[in-house]
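All heavy atoms count here, side chains included; hydrogens, waters and symmetry mates do not. Residue numbers start at 1 and run along the sequence shown. Just so it is clear, the model here is predicted, and its values are computed rather than measured.
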Amino acid sequence: MKKKCSLLNLAAMVYLYLPILVFMLLWVKLPIAIVASACVLVSIYLFCKVEEPEAKKRVTAGFVVLVLLCFLFFLAWALVSGLGGYFNQTGDWPKHNTILNDMIKMQWPVRFSFHTDEFSGDGVLCYYIAGYILPALVGKVAGFHAAEITELLFAAVGLLIGCLLFHRNYGEKKNYTILIVAATMFLFATFLCPILGIYREWYSWDAALGGLWLSDSIMIQYSSNISMLRWVFPQMQGTIVATALFLENRKKPQTWLLIAFPLVLHSTFTFLGLGVVMALTYLQEWFQTKEKLAYVKNTFSKVNLLALPTGLVLLVYIISNFMQQKPENAKMGLEIINYLQEGRMIFILVAFQATWGLWALLLFKEEKKNPVFWASCVILFILPFFSLGQFNDLCMRTSIPALLTFCALVAKNIIHYLKKDRFYAGVLIVCLILAGLGSMEELHLALQNSDLGQINRREPYENSEEYYLSSSYIMYQYIAWGDSALNWLLQK
């Protein structure tokens, strides 16, 4: 059958890979960049070719109006979340604004040379910077505020592409269901806030404030979609596109490396999370298929193999940060959390597992034969036993693909049962609202703490040197110091 280019696939790939290609050509040494970029462009071309009937689906004027409404909704959501600088920004924004400002003002690759009484050294920006690259290019031409607006638009476009992919996969070819997908994306959260209310009644002295954490004594968090966009928008926007692509192509492992690799530079922890979900899904599918050898051979496709050079370049870049020598107070430190110290900690573990486990129970009826559902359950169960980083980003951010999978499955089942089983669909809707209400308080606080009509940019530091040297942890989290593999990988 004749094949044509799927415009939505192309839009998703451009969204994920355009920042990667810019990084390759303007940061990485040109011989390496040209070879890797050429390979991945061919891989994208092969991926985007679909059978003609799918590519020829007609788009009605009514659907275009619904898509526009969704885009305006996502734009408003991102705006209130702090993007663009018009509304109150959270504690992560000094990092976002500092990195963006450095990428605007400094030559690429961004290099630092700090010489103070406390520290002296030369280093290079080494972080998952995909979400800042295109805004920084705009900022180099039109200034910092134009870069902020680009961040706002880029986030809204990412949410829209993810929404369109979820709708194409689960919307049952009904135009209006895109609104259900958009609403689910906005509201989805674990049952943290209701369970936090119970925990506060029993252990008020340890219950966390603000609706982000369960306990003040153990750093474990599964973020709501509202929290993700408000705190770590560069990690959410690319991950939602990649997760949606994976869910649509879950029976095509010959495409998975192309889908996963850009997340190395969008969010290394979500790359790890999606990689684990893919691996667990792959094992289940392999055990179930009768053609085991053919299934493995199919994985070594042109699409995957051509994506490999770019993936390896991105991994070398990021791993250079993780592998550098760090002082004790700057090490991320992988630890196993011991919940057996006292009975209260066991209760915390059980309560935290229930925050996502309730969604698993609600979805079990329809998803018990879905390998991605089980893969997501496994990773969400395991992550709370480990800690890595000052605020345990391993738990918070590695969980994002699995949580977004649950989000998509909730939307899928609401749509599917809206007319077939209104009671089940109604239960899902009520639980979605109940779980999301606590997170909406974050947006209420953003509105309440903003000087409307003014720029509400959060930048408490005079310059980037003051920010990076404010603590050893920050200094080593975003910069690779001294000699490393980056010396042969990056341009001078």
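Residues K326 and N321 form a side-chain contact, since some pair of their non-hydrogen atoms from C-beta on lies under 4.5 Å apart.
Taking the six-membered ring for Trp, Y15 and F154 have ring centres closer than 6.0 Å. The aromatic ring centroids of W213 and Y222 lie 6.0 Å or more from each other. Proximity of the aromatic rings of F63 and H167 is defined here by a centroid distance below 6.0 angstrom, and this criterion is met. Note: W108 and F23 fail the aromatic proximity criterion, with ring centroids not under 6.0 Å apart. The aromatic ring centroids of W93 and F233 lie less than 6.0 Å from each other.
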Please lay out, stage by stage, how Q254 and N298 fare under the test side chain to side chain donor-acceptor pair (under 3.5 Å). CA-CA 6 Å; Q254 64 268 31; N298 194 35; 2.9 Å; yes
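A ring pair (Phe, Tyr, Trp, His ring centres under 6.0 Å) with F246 holds for exactly one of W256, Y282, F271, F166; it is W256. Applying the ring pair (Phe, Tyr, Trp, His ring centres under 6.0 Å) test between F119 and each of F114, W481, F112, Y468 identifies W481 as the sole match.
Side chains of R168 and S6: a donor on one and an acceptor on the other come within 3.5 Å. When only modelled atom types and interatomic distance are considered, R397 and S223 share a side-chain donor-acceptor pair under 3.5 Å.
Under the 3.5 Å distance criterion, the side-chain polar atoms of Q89 are matched with a main-chain donor or acceptor of R458.
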